Student: 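Have a look at this one.
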Protein chains: 2
Amino acid sequence: MTHEAGIPLGIRFKLLSDTPQDSAAQVVGDVVIGDYRDLDTLREFARGCDVITFDHEHVPTEHLRALEADGIPVRPGPDALVHAQDKGVMRARLDAIGVPCPRHRIVADPQDVAAFAAEGEGFPVVLKTVRGGYDGKGVWVVDSVEEAAEPFKAGVPVLAEEKVDYVRELAANVVRSPHGQAVAYPVVESRQVGGVCDTVIAPAPGLDDALALKAEQMALSIAKELGVVGHLAVELFQTRDGRILVNELAMRPHNSGHWSQDGAITSQFANHVRAVLDLPLGDPRPRAKWTVMVNVLGGDYPDMYSAYLHCMARDPQLKIHMYGKDVKPGRKVGHVNTYGDDLDDVLERARHAAGYLRGTITE
Amino acid sequence: MTHEAGIPLGIRFKLLSDTPQDSAAQVVGDVVIGDYRDLDTLREFARGCDVITFDHEHVPTEHLRALEADGIPVRPGPDALVHAQDKGVMRARLDAIGVPCPRHRIVADPQDVAAFAAEGEGFPVVLKTVRGGYDGKGVWVVDSVEEAAEPFKAGVPVLAEEKVDYVRELAANVVRSPHGQAVAYPVVESRQVGGVCDTVIAPAPGLDDALALKAEQMALSIAKELGVVGHLAVELFQTRDGRILVNELAMRPHNSGHWSQDGAITSQFANHVRAVLDLPLGDPRPRAKWTVMVNVLGGDYPDMYSAYLHCMARDPQLKIHMYGKDVKPGRKVGHVNTYGDDLDDVLERARHAAGYLRGTITE
């Protein structure tokens with residue numbers, strides 16, 4: 001989708017991909033198949049690139065430092081990206097700059113988890129490996145010291161966090177350029193199912209203006225303090241007592257910003273490309289009163305193409321974005337966007353299309 | 001741009017291109033370099049394609065018939081496409097189905113041009129070679145029998161047409177699927193400079209509703225009668241006495257429809273892809289009150305990229321679409337789209353950006 005956004009600007013991508021089946025490898029012309037964990041591969045790949053960016057955060061921080069030392073601009077740079085790679089580093093830094101987070105600390109073992117629980121409201125406690133998690137993986141909600149054993153098995157440091165009493169999840173998406181120019185998208189509501197993002201509503205319905213502004217300013221401030229270049233998604237909890245706390249950071253175009261492809265004047269992908277190239281940023285404002293994104297998960301039918309007929313005929317305004325991935329049950333294989341003036345209608349259309357594509361709705 | 005529109009639907013293109021420098025060859029992964037005039041090349045290329053479509057109309061009609069005979073769906077098919085390839089065939093067919101055209105006939109030599117002139121209002125007369133012309137090439141406006149010699153030198157049949165007294169040019173863009181579903185975009189005004197499209201305004205300002213409807217119906221009727229599949233652009237003259245006459249036909253996404261990328265719910269490229277695959281068509285209605293497209297022609301500066309800085313900073317809502325072509329003076333190398341509620345503002349922004357990118361505006 002970043003490639004798609006680069007085409008109109010004449011920006012040519014060279015892609016380092018694990019396999020030729022990766023979504024991006026199917027549409028980018030210039031593809032190198034290789035392992036992003038191997039420094040020699042990265043160095044060979046980087047030769048001749050004007051700038052390097054990412055569609056995930058898993059490239060080892062030290063390799064990115066090596067590329068920078070070679071003179072290759074890496075955006076976001078390793079000193080920023082580490083905050084999206086390591087939840088321990090992220091929490092420590094957000095504490096230092098005064099950004100509100102759930103109560104948290106690194107824990108040494110299950111007994112330490114029990115101590116952490118006792119320091120606050122008790123169990124349940126949320127445990128996260130500091131590196132390697134996404135979409136609910138690497139995250140556990142534990143109710144006892146016995147249940148707290150599992151997260152320590154990977155040998156990765158474990159972060160304990162209070163289980164926040166939240167009314168909903170929000171996301172504040174901002175984009176920042178090396179010049180320091182930054183834009184903020186409207187704060188969205190993000191609804192998860194089974195730890196995986198299901199629905200995003202832009203803007204977040206009924207969100208108090210002051211709280212929306214606070215969330216946008218918090219995201220802009222994090223982007224600035226951490227030296228982010230490109231897209232930053234700040235996932236937030238809106239608590240029952242009216243606070244907003246930072247849940248996670250992502251430094252790349254993010255699922256909570258996919259609505260912007262059809263709902264904003266400038267999409268998150270276009271603005272990420274512009275930021276990475278230090279071009280002036282585009283207007284992030286919405287084009288419709290409401291835009292809804294619903295993820296399409298793989299279902300029981302491997303062929304989603306035949307579902308296009310019904311979905312497109314039912315809703316000529318529907319926007320389908322499929323990733324060319326093999327369909328596996330529960331895997332994110334695409335998303336749909338709808339927009340309009342009536343939120344109920346916009347939600348129904350997006351849910352119906354996503355459900356029909358997955359096969360859970362058959363009419 | 002058709003590839004760009006196919007990506008979100010997971011539609012993969014295989015491209016037959018003259019050279020690796022062609023715009024599409026720079027962004028499509030699967031490219032075959034070859035000559036579209038060679039049947040063996042076409043047959044080899046077509047193997048494994050589900051359907052074939054075009055971004056120009058120059059593939060020989062008889063080769064397309066051969067591919068169809070091989071069982072490869074060609075959309076639009078040769079029996080439709082010939083009307084966009086051969087102006088003589090087009091005029092004869094439009095006459096037969098009662099579509100109003102400028103007065104015209106095939107002429108044999110300069111003396112016959114003089115006779116054609118004498119049958120109507122006299123000189124000037126418009127002469128066109130029936131095949132091979134575009135963007136003003138293959139078209140002459142002649143004032144005398146002496147000037148009428150040039151068009152015959154190519155040895156291609158020559159069509160004579162009255163020089164229409166028009167107040168402006170319009171274009172009616174429609175898309176039709178094999179199922180027979182069809183959608184009509186709002187009729188646009190198209191302004192030419194030196195025979196080349198310069199500015200398109202959607203919808204055409206001040207166009208009488210009845211005349212707009214007539215133009216849309218005319219285009220839908222031509223698409224149906226000629227069996228067009230995919231995008232059909234009908235270029236029209238609006239005459240001083242209030243008629244509309246067909247100037248040219250194009251059977252592919254067309255310059256007069258580029259505004260739809262940012263100004264319509266579904267772009268002409270997305271609808272062309274959907275039609276060619278016999279998927280239900282998307283909503284062609286505008287998203288903004290006014291959308292303006294201005295072509296970017298090559299100027300004296302080969303580097304247009306550095307102009308992005310000023311253009312993007314000046315207008316964060318600007319949409320730039322560059323084709324990756326080498327800059328040559330006067331060559332179409334891209335276009336810009338702007339939209340909004342105030343036509344004067346929207347026009348000014350598009351003109352400024354296109355002029356700045358070309359180098360004719362420097363502030």
Side-chain angles (χ1 to χ4, degrees), chain A residues 1 3-13 15 20 23-31 179 181 183 261-262 265-266 270-271 274 277-285 287-288 304-305 308-325 333-337 339, chain B residues 1 3-13 15 20 23-31 179 181 183 261-262 265-266 270-271 274 277-285 287-288 304-305 308-325 333-337 339:
Chain A
M1 294 186 276
H3 166 66
E4 212 181 305
I7 293 174
L9 298 180
I11 308 305
R12 302 288 168 254
F13 282 90
L15 177 75
S23 298
Q26 295 178 34
V27 294
V28 173
D30 189 0
V31 182
H179 258 76
Q181 191 196 10
V183 294
Q261 290 176 301
D262 301 297
I265 293 172
T266 313
N271 262 337
R274 287 161 76 150
L277 297 171
D278 206 7
L279 289 167
L281 302 177
D283 193 329
R285 284 178 297 173
R287 286 193 75 172
M304 291 203 165
Y305 182 82
Y308 283 11
L309 281 173
H310 176 76
C311 292
M312 290 177 174
R314 184 181 194 265
D315 183 0
Q317 299 188 20
L318 178 69
K319 296 295 173 183
I320 296 175
H321 299 267
M322 300 299 282
Y323 310 153
K325 290 180 179 174
V333 294
H335 66 272
V336 296
N337 285 333
Y339 55 83
Chain B
M1 293 185 276
H3 166 64
E4 213 182 304
I7 293 174
L9 298 180
I11 308 304
R12 303 288 168 252
F13 283 91
L15 177 75
S23 298
Q26 295 179 34
V27 293
V28 173
D30 189 0
V31 182
H179 257 79
Q181 191 196 9
V183 295
Q261 291 176 299
D262 301 298
I265 295 172
T266 314
N271 263 336
R274 287 161 76 150
L277 297 170
D278 206 6
L279 289 167
L281 301 178
D283 194 328
R285 285 177 296 173
R287 287 192 75 172
M304 291 203 166
Y305 182 82
Y308 283 12
L309 282 174
H310 176 76
C311 291
M312 290 177 173
R314 185 181 193 265
D315 182 1
Q317 300 188 20
L318 178 69
K319 298 295 173 181
I320 296 176
H321 299 266
M322 300 299 282
Y323 311 153
K325 290 181 180 174
V333 295
H335 66 273
V336 296
N337 285 332
Y339 55 83

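Letters go in sequence order (proteins before strands), and every chain restarts at 1. Computed from a prediction, not measured in an experiment: that's the story for all the values here.
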Student: Heavy-atom distances under 4.5 Å only: say whether Leu277(B) touches chain A with side chain, backbone, both or neither.
Tutor: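 Its backbone and side chain both get close to chain A.
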Student: Examine whether an atom of His310(B) lies under 4.5 Å from a heavy atom of chain A, and if so say whether it belongs to the side chain, the backbone or both; otherwise answer neither.
Tutor: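 It is neither, since no heavy atom gets under 4.5 Å.
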Student: Does the pair Val27(B) and Arg12(A) meet the rule for a side chain to side chain contact (heavy atoms under 4.5 Å, CB included), with working shown?
Tutor: CA-CA 8 Å; Val27(B) 293; Arg12(A) 302 288 168 254; 3.4 Å; yes
Student: Would you say the side chain of His321(A) lies within less than 4.5 Å of the side chain of Ile7(B), judging by non-hydrogen atoms?
Tutor: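 They are not in contact (no side-chain heavy atoms under 4.5 Å apart), so the answer is no.
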Student: By a 4.5 Å heavy-atom criterion (distance strictly below it), what part of Arg287(B) contacts chain A: side chain, backbone, both, or neither?
Tutor: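 When you check distances to chain A, atoms from both the backbone and side chain of Arg287(B) fall under 4.5 Å.
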Student: Taking side chain as everything from C-beta outward and backbone as N, CA, C, O, which of these in Tyr339(B) sits under 4.5 Å from a heavy atom of chain A? Side chain, backbone, both or neither.
Tutor: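 Contact with chain A: side chain only.
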Student: Which heavy atom of Leu309(B) sits nearest to which heavy atom of Asp278(A), and what is that distance?
Tutor: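 Minimum heavy-atom separation between Leu309(B) and Asp278(A): CD2-O, 3.9 Å.
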Student: Please identify, among Ile11(B), Asp262(B), Val28(B), the residue contributing the most non-hydrogen atom pairs under 4.5 Å to chain A.
Tutor: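 If we count pairs closer than 4.5 Å to chain A, Asp262(B) comes out on top.
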Student: For the candidates Ala313(A), Ala25(A), Gly324(A), Pro284(A), which exhibits the highest count of non-hydrogen atom pairs separated by less than 4.5 Å from chain B?
Tutor: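 The residue among Ala313(A), Ala25(A), Gly324(A), Pro284(A) with the greatest pair count is Ala313(A).
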Student: I need the residue from Gln261(A), Gln26(A), Met312(A) with the largest number of non-hydrogen atom pairs under 4.5 Å to chain B.
Tutor: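 Counting heavy-atom pairs under 4.5 Å, the top option is Met312(A).
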Student: Could you pull out all residues at least two apart from Asp30(A) that satisfy salt bridge (charged side-chain N to carboxylate O under 4.0 Å, His left out)?
Tutor: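 By the salt bridge (charged side-chain N to carboxylate O under 4.0 Å, His left out) rule, Asp30(A) matches no residue at all.
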Student: Please examine the side chains of Glu4(A) and Pro8(B), heavy atoms only from C-beta on, and report whether any two atoms are closer than 4.5 Å.
Tutor: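 Sidechains of Glu4(A) and Pro8(B): in contact.
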Student: Are Thr266(A) and Lys319(B) close enough that some pair of their side-chain heavy atoms sits under 4.5 Å apart?
Tutor: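 Of all side-chain heavy-atom pairs linking Lys319(B) with Thr266(A), at least one is under 4.5 Å.
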Student: For the candidates Arg314(A), His335(A), His3(A), Lys325(A), which exhibits the highest count of non-hydrogen atom pairs separated by less than 4.5 Å from chain B?
Tutor: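 Maximum pair count with chain B is reached by His3(A).
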Student: Are any side-chain N or O atoms of Tyr308(B) and backbone N or O atoms of Pro280(A), one a donor and one an acceptor, separated by less than 3.5 Å?
Tutor: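 Absent.
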Student: Not counting sequence neighbours, which residues clear side chain to side chain contact (heavy atoms under 4.5 Å, CB included) with Gln317(B)? List them please.
Tutor: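 If we apply the side chain to side chain contact (heavy atoms under 4.5 Å, CB included) test to Gln317(B), skipping adjacent residues, the hits are Ile265(A), Asp283(A), Arg285(A), Asp315(B), Arg349(B).
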